Amino acid sequence: MKNQIGQLVSQALSRLAEQGVIPAQLPEPAIERARDSRHGDFACNVAMALAKAARARPRELAEKLIAELPPNRLVERVEIAGPGFINFHLAQDAYHALIPQALEQGARFGHSALGGGKRIQVEFVSANPTGPLHVGHGRGAAYGAVVADLLEAVGFQVHREYYVNDAGRQMDILATSVWLRYLELCDETLPFPANAYKGDYIWDIAATLHREHGELYRVATVELLADLPADEPEGGDKELYIDALIARSKLLLGDNRYRFVFELALNVILDDIRDDLALFGVNYEEWYSERTLTESGAVTRAIEKLRALGHVYEQAGTLWFRSTAFGDEKDRVVVRENGQHTYFASDIAYHMDKLERGFDRVIDVWGADHHGYVPRVKAALSALGNDPERLDVLLVQFANLYRSGEKVQMSTRSGSFVTLRELRKEVGRDAARFFYVMRKCEQHLDFDLDLAKSQSSDNPVYYVQYAHARVCSVLRQAAEKGVSVEPSAGVENLQLLTEAHETALLGSLSRFAEVVELAAFNREPHQLCHYLRDLANEFHTYYNAHQFLVEDERLRDARIKLILAVQQVLRNGLNLLGVSAPERM
RNA sequence: GCCCCCGUAGCUCAGUUGGAUAGAGCGCACCCCUCCUAAGGGUGAGGUCACACGUUCGAAUCGUGUCGGGGGCACCA
């Protein structure tokens, strides 16, 4: 609807440009919804915006523009108002026409082809496979999934990807943690390192190892602990201690056995994460392994390319990337003194690989605590001759859980965090998905567990789902009375929908496509949440004020068509959010 | 110290990319009701958009500064 008005204005503008009334360089005319119904349905400010360049009064310019507007049956009346606004009043038919559109297009109503089939990659969650996902990851998961679905809805070809950090020191710590717990199950007595993973899931993996392989991986504690540096509780450095312990584990187990423990731990945890996300309605096109990046030589290639371009230098045995030349605040290490490349080095290779795979646009969803990484990754892309604008980094703030008004204390270090799985179990997938994306991503999220669980109109998820179920209920009753609820029947009676509640609902239906478009292009799922809540509210108000299944058959049929359209939009909107649209509650 | 995000009604938050009289839910006040579906419904009060200056026809929105809250500044991943 909005786009159609925009096209009319564009046409009028180009005619004025031909006449030399305004400069040839035309701005995209901004069409917006009128906030006040007295101002019509849509307003355009282009006359004011162009007044200066055209050296004309805004209102006079607006008059000329209106004279050049092509006639259109949608538009009933056009007026000039205020300092030079052009207000468009639409015909009622334009709104009534939405109903057959919604019913014919069904699940595709509100979708568009604006993205033009461009390829866009969305990488999200990408949590280290060192433990189960917690509620912080949940927000990134919900947010990334909805952004991806929204982009698909507006015509992009979307590739959802999870970057698996299956290499590096944290994974070694994980493997070692599992092995130490296994040794304890073999009745070895040993101190558990301060820096090892302590969660119960470590015990579970160790138990599997013990159950399936007996004592094949057992080693005497004396050998294990001989000549190790002191751990933190003994006044030592926990980092040095764990690194020495990892080296000792590799030595005593040998490559094959160490590898086996490592793989077991990785696979168990990764399977858990996959399963967890799938149950959360989050699915990926690809799980991209960091290790393959190293093994394929992509990391070395990236470093060599930087070297060839003269963007790295050596200093005291380490290799530095001169990121300050590309706007970063300090240079960054890519190869450490011990010859190992840094995490940042694989990140460079990974992002290079993303662009080489031919995506027109690449989106990273990160936790806000990683914001410091944005300049260096963009610097690397620039250094390698890419346009850093092709990468969009979306930072998601933390989520705090509240129970009975009290903040739930969480700490990853101590292992006392709430997992995504627990949250799902407590409030359900629908409420979790909805609550996570209800706020702008850069806004801290206060997640009210009690509200998410409550079956009342205060709970926005329940409220919206209930509107859908309520439509279903009315349709069931109509069917019982033998009234046709077929989408095609009775469309000719729609002009009978003249009640204020009905025009309000039609107005909301007309906004749906715009909301989806805006939410997609701005990566703002919360817009859709607010829209659905408003739509549900209008429907409930309508329900309270009017009977749908009335004696007058023509009016009754028209109303059934209207609520069928409302049902379709609620369903489409909830579907984009990954929330179910129940038939009854 | 430097960097990022936030500051809008008592509370939780929107605000269509700079538009016309700043909105919603909860809470509060008053009124009504027990009727297709079970959450009752309706009306109303409530604001120096943190503060100051600037940019222009026009600022909650853009710029600079100040104050307040959160987060980040590794040869960790």
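Everything numeric here is computed off the predicted structure, so don't read it as measured data. Sequence lines set the chain letters: A, B, ... in the order given, protein chains first and strands last, and positions in each chain run from 1.
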Give me, pair by pair, the N or O atoms of the protein and of nucleotides 6-12 of chain B that are less than 3.5 Å apart, along with how far apart they are.
unit_1, atom_1, unit_2, atom_2, d
B:rU12, O2', A:R439, NH2, 3.0

Over all strands shown, is [X] touching base, sugar-phosphate only, or nothing at heavy-atom distances under 4.0 angstrom?
X      : value
A:T130 : nothing
A:Y543 : base
A:H526 : sugar-phosphate
A:M171 : nothing

Check this for me: does any side-chain nitrogen of one of A:R376 and A:E329 sit under 4.0 Å from a carboxylate oxygen of the other?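 Salt bridge between A:R376 and A:E329, a charged N being under 4.0 Å from a carboxylate O: no.
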Tell me which residues in residues 329-343 of chain A lie within less than 4.0 Å of RNA chain B, going by non-hydrogen atoms. A:E329, A:K330, A:V333, A:R336, A:E337, A:Y343
For B:rG23, does OP1 or OP2 lie under 4.0 Å from any side-chain N or O of A:H530?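 Negative; the distance criterion is not met.
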Find the distance A:I31:CD1 to B:rG19:P and express it as a whole number of Å.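 Between P of B:rG19 and CD1 of A:I31: 14 Å.
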Quick check for you: among B:rG72, B:rG19, B:rC26, whose closest atom lies nearest to any side-chain atom of A:D458? B:rC26
Distance between P atoms of B:rA9 and B:rA14 (Å, rounded):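 To the nearest whole Å, 12 Å.
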Whole-Å P distance, B:rC13 and B:rA22: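 Pairwise P distance, B:rC13 against B:rA22, rounds to 23 Å.
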